[in-house]
Amino acid sequence: MMRKTFCFTAVAAAALLVACGKAATPEAAPASSKPVRLQVFGDPAEITAYRELIAVYEKTHPGQRVELLPVGKQADHMAKLSTAFAAGNPPDLFILNFRRFGQFAGRGALAPLAEQMTAEGRYKVEDFYPQAVEAFDFQGTHYCLPQNVSSLVVYYNRALFKAAGVEEPRDDWRFSDLLASAQKLRRDTDGDGKTDVWGVAIQPSLIRIAPFIWGMKGALVDDVKQPSLLRIDGGSAVQGMALVKSLVSDYRVAPGQAETYAEDPDSRFARGGVAMLFQSRRYTATLRDLGDKAPDWDVAPFPLLREPVGVLHADAYCMAAKAASPDAAKAFVAFALSAEGQAQLAKSGRTVPSRISVATSPAFLDPTLAPARAQVFLDAIPHLRRTPNTARWHEVESMADVLLDERMFEPPMPGEAEGTVGSSLVAARLIAKTVQPILLEDLKAMKAAAPAAGTPAK
Amino acid sequence: MNPTTHNRLLRAALALAAALLLLLPLLWMLPVSFHAPGEPLRAAGLAWPAAPTLASYAQVFEWVPMLSGLLNSLAYTVAGVAISLVMASLTGFGIARLDAARLGLAVVALVICASIPLTAIWVPRFVLFESLGLSQSGLPLLAPALYGASPLFVLLYTMAFRRLGPEPFEAATLEGIGAIAQWWRYALPQVRATTVAVATLAAMQFWGAFLEPLLYLEGEHELTAPLLLHAVDLLGPTQWAVMMAGAALLTAPVLLVFFAAQPLLDTLSRETSK
């Protein structure tokens, strides 16, 4: 295998540079046989899972090689990817979240991988959860193949529930049940007048608040495929936002901004400082990594509001329109999304497999591993809704998150008369107004580029 | 106590207070790194752990190839600093010998170059190296060293060489000594303090570099230590001990070099205070 080494030799006396570029290992393949370059982001456990997936693939597919290009954080992944695309040398394959894939699909940078593999008989769309599949459609073209599907659930500390004599969440619990439990679970254990154990915690972001808006029958945008307007200032949407704010402002069962900055909710839950936490599947692996230091925990569904909803989280394998080895890349994706490949990746614990047969198998619902109620993730799937996947949606979320952080998680100031619903409305209007130019520009660009996106560059 | 002693003590106390303030992150990092992986931390995490362990350090090496990362960073830093010193001092020497009008223009050009944000040149530079077929190698990481790593370093050398005055070099020229020999034999030895300052700043730049290694390096065993630390950071706040162990591993070589260089720094301090 060709292996680039990054080694430098500093010459002693003058301390001048000697750098060495590429060195071939003994098992080097013919120069014409380029490895498939796969760029992924993730923590060490996820990277290890990808590495093992590739090892199995190369073992079972002699002559095929995949070079893993790991990047830690998603933001770094996007920076590296954008630069590589700008230079015209992107990796063959890469993982994208649907909330960020529009910026590549919109400029014709992606190959319609899903459509090509369907035509070649390598991909059967009915084998995968349709909610995840649909998220990677862009202007009628199906580009990327979903690797996982997840949603927002409630992690809860079973020991704290037991100690407080509170019944564990049922599968059909409602927001009022969550609130009642949170009020009973909130504790000042040392009598200093400060809360030591909070009832519930949630990160202040649009993706977390979205299911509350939908659950109250409100809308996030006017059109999820071609959004021109944020609709969070509508009556039902504001009520959904106010529910979240009320946890901090009215009932004081959730940590406010200062407490959240002082200690991250994930960390707080892990040490037993909060009884319930709204989080996605990713957090399961974090708790598993903690082993016996983790609390006794399980998961409950997103509480019912006016209608059952959930918010989609999904990543997919995407192929560059100018992939150097498209056939080899497709062969790898076919394996990665097979039952064997999906089961291999499910070992990381971080994702819910997108292939239905694997998600419903012991590979995911392993009864020996927490959470005991892993089925909760699957039961949520039929009700999942998604945020837009347009080119600049990630910018909308970034701006909204800053404003939500400022406006939604502060208790009202003394004498403040507007109340929770009023302040939520003010925040919603401010956010909607702030992001409006981005949405309009995005829509305009999308309409102008529509033909290009439909016929990606080869 | 006479006023002079009093003033000295006051200055020392202020310096110590400032140093302690700057040391706070380090004082937090080290105790936390000796907690067990996954051990919950609160504000009390500042305290020394009840059962100190190196398990978090072992975990760093288990989760990411940190050894190769540290070696790559070391090699990159040594090579980068060496080239930067040669190029910055040589360029600074040349500029310092210009006449006043040209010197002014050169300084203005350097200041303009120093004010260009990295984000403005990051993509064009990547495209350039891509067209040269070097974008997937470590060589572009050393490209900044070819222009002295930073216009600021060239400027520092220019000012240092300018202070030496033109006379010794005019005399050397009359004796038939070439410009390179003048730079190496006469000029550089007289600006050792500047060389140490530039080497320190360049080492910080190359050792802590993140964006360029992110863009140009790909395979796991090519990555530098800051990139790997970012991967560990992704584990989140429940793994503070591992994160801080990784940070300590990146900080330790810097501290070792700092302490090892103390005799040299003392000598330079005495020389410059004469």
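Everything numeric here is computed off the predicted structure, so don't read it as measured data. Here is the naming used below: chain letters follow the sequence lines, and residue numbers restart at 1 for every chain.
Contacts between A:Ala285 and chain B at a heavy-atom distance below 4.5 Å are absent for every atom of the residue. Residue A:Arg51 touches chain B through its side chain alone, counting heavy-atom pairs closer than 4.5 Å. At a 4.5 Å heavy-atom cutoff, A:Leu81 makes no contact with chain B through either its backbone or its side chain. For chain A, the nearby part of B:Gln239 is the side chain; its heavy atoms alone come within less than 4.5 Å. Using a 4.5 Å cut-off between heavy atoms, B:Phe210 touches chain A through its side chain atoms alone. Interface residue A:Lys80: backbone and side-chain heavy atoms are both found under 4.5 Å from chain B. Only the backbone of B:Pro37 comes within less than 4.5 Å of a heavy atom of chain A; no side-chain atom from C-beta onward does. In this structure, no portion of B:Leu227 lies under 4.5 Å from any heavy atom of chain A.
Smallest separation of non-hydrogen atoms from B:Val127 and A:Ala87: CG2-CA, 3.8 Å. The two residues B:Phe126 and A:Ala84 make their nearest non-hydrogen contact at CE2-CA, 4.0 Å.
In the displayed structure, B:Trp240 atom CH2 is contacted under 6.0 Å by at most 12 heavy atoms of other residues, nucleotides or ligands.
The OG1 atom of A:Thr83 lies 4.5 Å from the CG atom of B:Leu215; values are rounded to the nearest 0.5 Å.
The residue among A:Asp264, A:Asn89, A:Leu290 with the most heavy atom pairs within less than 4.5 Å of chain B is A:Asn89. If you tally non-hydrogen atom pairs under 4.5 Å between each of A:Ala270, A:Gly88, A:Gly42, A:Pro70 and chain B, the highest count goes to A:Pro70.
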- Task: Walk me through it: do A:Thr48 and B:Trp63 pass the test side chain to side chain contact (heavy atoms under 4.5 Å, CB included)?
- Result: CA-CA 8 Å; A:Thr48 301; B:Trp63 277 338; 5.8 Å; no
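If you run side-chain contact (heavy atoms from CB on, under 4.5 Å) between A:Leu69 and each of B:Glu220, B:Glu218, B:Glu222, only B:Glu218 comes through.
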